2 protein chains.
Amino acid sequence: MPTEQEAASLAVLKSVPIFSSLTEQEFAFLTSHLLQRKYAAGELIFGEGDPCAGLYVVRSGNVRIFKSSAGGREQVLSIDGPGSSIAELPVFDGGNYPASAQAVSDSTLLFFSRQDFQALCLQHPQVALRVLRVIGGRLRRLVGIIEELSFTTVRHRLIALLVRLGKVEGTRNGDAITLTLPGNNSELAAQIGTVRELVSRNLSRLQSEGLIQVDNRKLEIPSLKRLEAELQASGG
Amino acid sequence: MPTEQEAASLAVLKSVPIFSSLTEQEFAFLTSHLLQRKYAAGELIFGEGDPCAGLYVVRSGNVRIFKSSAGGREQVLSIDGPGSSIAELPVFDGGNYPASAQAVSDSTLLFFSRQDFQALCLQHPQVALRVLRVIGGRLRRLVGIIEELSFTTVRHRLIALLVRLGKVEGTRNGDAITLTLPGNNSELAAQIGTVRELVSRNLSRLQSEGLIQVDNRKLEIPSLKRLEAELQASGG
DNA sequence: TTGCTCCCGTGACAGAAGTCATAGCTGCTG
DNA sequence: CAGCAGCTATGACTTCTGTCACGGGAGCAA
């Protein structure tokens, strides 16, 4: 008889892409082999360089994967919400975690040990293929970050970020979009590979150009089209 | 009875990490399902955005994976030699190639269609796990590139490149290393995400600082230690 | 030899990026 | 309310990066 907690975890597991082809029995195996852990907002889940213990699945909250520099700067690699798996890769190649993971908000994660997960993959090639597919997306995102860092300016990356945020989290009203900026300027800076001052300046400039309107972390994009057009202009 | 060509291919396949756990029979399957293609130096193997046809294995020569910008700049993501597989990922996630591939020197590649390769992975979970391991390395390299682009200067990245080249391709003589620079300044620039002029200038400066000695593409590093020490100094 | 092409090295410059310091705002807590 | 912590905005400045333009050398072919 599953506990309440296990039943709840099960529902999450079924929504995780890499597990989507398993049978009830296999889910039972998973639920009985997972550990659930809670993290407070800001808490570190694992640090860059730590030996890889296993695979995590986000059950609730958001997790930030990032690198940090000696000088204290950070570069965000991805932000993952419920249903996403994290650290799929080091589980397989045996190396250490290449980046750190941190809970953005209070979060609950499910954890599988390397052994259990590898065993599952050997028994169920489908799972391995799913993992490959998920990792494909991850790799594409990384390549995209490299492209932006290598070829574009801070202004361009900031606009691209705002456009992305607008499309995902914004409230649409014709060609206009309203949204609340997720995190402070330092956080936005970490996401586009720069420092907080440049985010501040560029936001001001975009506002003075009439492309956006910012007020106390509320952002309005009067015309998404016009903003996107700027992407071409600033060297994409 | 295998043809000569098939026999030769077989030898290569056995040295490919992702195939290292297969039986003779399975190798026979592979050799009978592969296509061999030759590319001249500089020839494009596939372009960014092309639909993914299948998986390649480098038999001879070197292959450069890179992104290009609208402005004509390039950013190298990796350079792979004999025994390396290329484009393992888009084979699985069904998307297009995220970057272009080009033969650096005259090269021979082996090609497997998506279908054949996926079938192989389903039959042999070991292969899928190997692929995951290989991709793990790839992902680590990409994260490393992001880190360098985001946190360090051109000078730093150039030194890091020289140190890497020295360790891999150089001739060692105590703490001194001699090597021939692979490619012209534009190519070096593409590998560290900048332009040829900055490579030229920084090489000159390193020379005037006595850290390196360049003469007609021959590079000498009098002291690898001293050069590596500069990595800390220039903000690593 | 002449001419051509490709590449290297450099100076001059413009713009982008990053650092530092300062002033002001917001919201919380005692 | 006073005081504090954290964040934002902005000016001044330095350094880094990238572009453009030019001269010159190496190699090749006619």
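Order of the sequence lines fixes the chain letters, A, B, ..., with proteins taken first and strands second; residue numbering starts at 1 for each chain. Given the structure is predicted, the values throughout are model-derived calculations rather than measurements.
- As a whole-Å value, the separation of A/Arg73 CZ from C/dA17 P is 11 Å.
- Side chain of A/Arg172 to backbone of A/Gly166: no donor-acceptor contact under 3.5 angstrom is found.
- If you measure from atom CD of B/Gln75 to atom C1' of D/dG18, you get 15 Å, rounded to the nearest angstrom.
- Taking atom CZ of B/Phe151 as the reference point, atom P of C/dT19 lies 12 Å away to the nearest angstrom.
- Atom-to-atom, CG of B/Asp215 to P of D/dG25 comes out at 15 Å; the value is rounded to the nearest Å.
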Begin with the C-alpha distance, continue with both residues' side-chain angles, and end with the deciding distance and a verdict on side chain to side chain contact (heavy atoms under 4.5 Å, CB included) for A/Asn185 and A/Leu203.
CA-CA 10 Å; A/Asn185 285 355; A/Leu203 284 176; 4.0 Å; yes
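- Rounded to the nearest 0.5 Å, atoms CD1 (B/Ile86) and CD1 (B/Ile65) are 4.5 Å apart.
- Phosphate proximity of C/dG15 to A/Arg155: absent, as no side-chain N or O sits under 4.0 Å from OP1 or OP2.
- Regarding contacts with the backbone of D/dG25, every side-chain N or O of B/Asn216 stays at 4.0 angstrom or more from both OP1 and OP2.
- In terms of the side chain to side chain donor-acceptor pair (under 3.5 Å) criterion, A/Gln213 has no residue partners (sequence neighbours excluded).
- Atoms CG (A/Leu149) and P (C/dA17) sit 11 Å apart, rounded to a whole Å.
- As a whole-Å value, the separation of B/His156 NE2 from D/dT15 C1' is 17 Å.
- Listed by residue number, B/Thr194, B/Val195, B/Arg196, B/Glu197, B/Leu198, B/Arg201 are the residues of residues 194-209 of chain B with a heavy-atom contact under 4.0 Å to DNA chain D.
- Atom CZ in A/Arg217 sits roughly 17 Å away from atom P in C/dC25 (whole-Å rounding).
- OP1 or OP2 of D/dC7 lies within a sub-4.0 Å distance of a side-chain N or O belonging to A/Asn184.
- Rounded to whole Å, the distance from CG on A/Leu158 to C1' on C/dA16 is 14 Å.
- A/Tyr56 and A/Tyr39 have perpendicular rings, their planes meeting at more than 60° on a 0 to 90° scale where under 30° would count as parallel.
- Closest approach of A/Cys52 and A/Gly95 over heavy atoms only: CB-O, 3.5 Å.
- Shown here are the side chain to side chain donor-acceptor pair (under 3.5 Å) partners of B/Asp93, two or more places apart in sequence or in another chain: A/Arg140.
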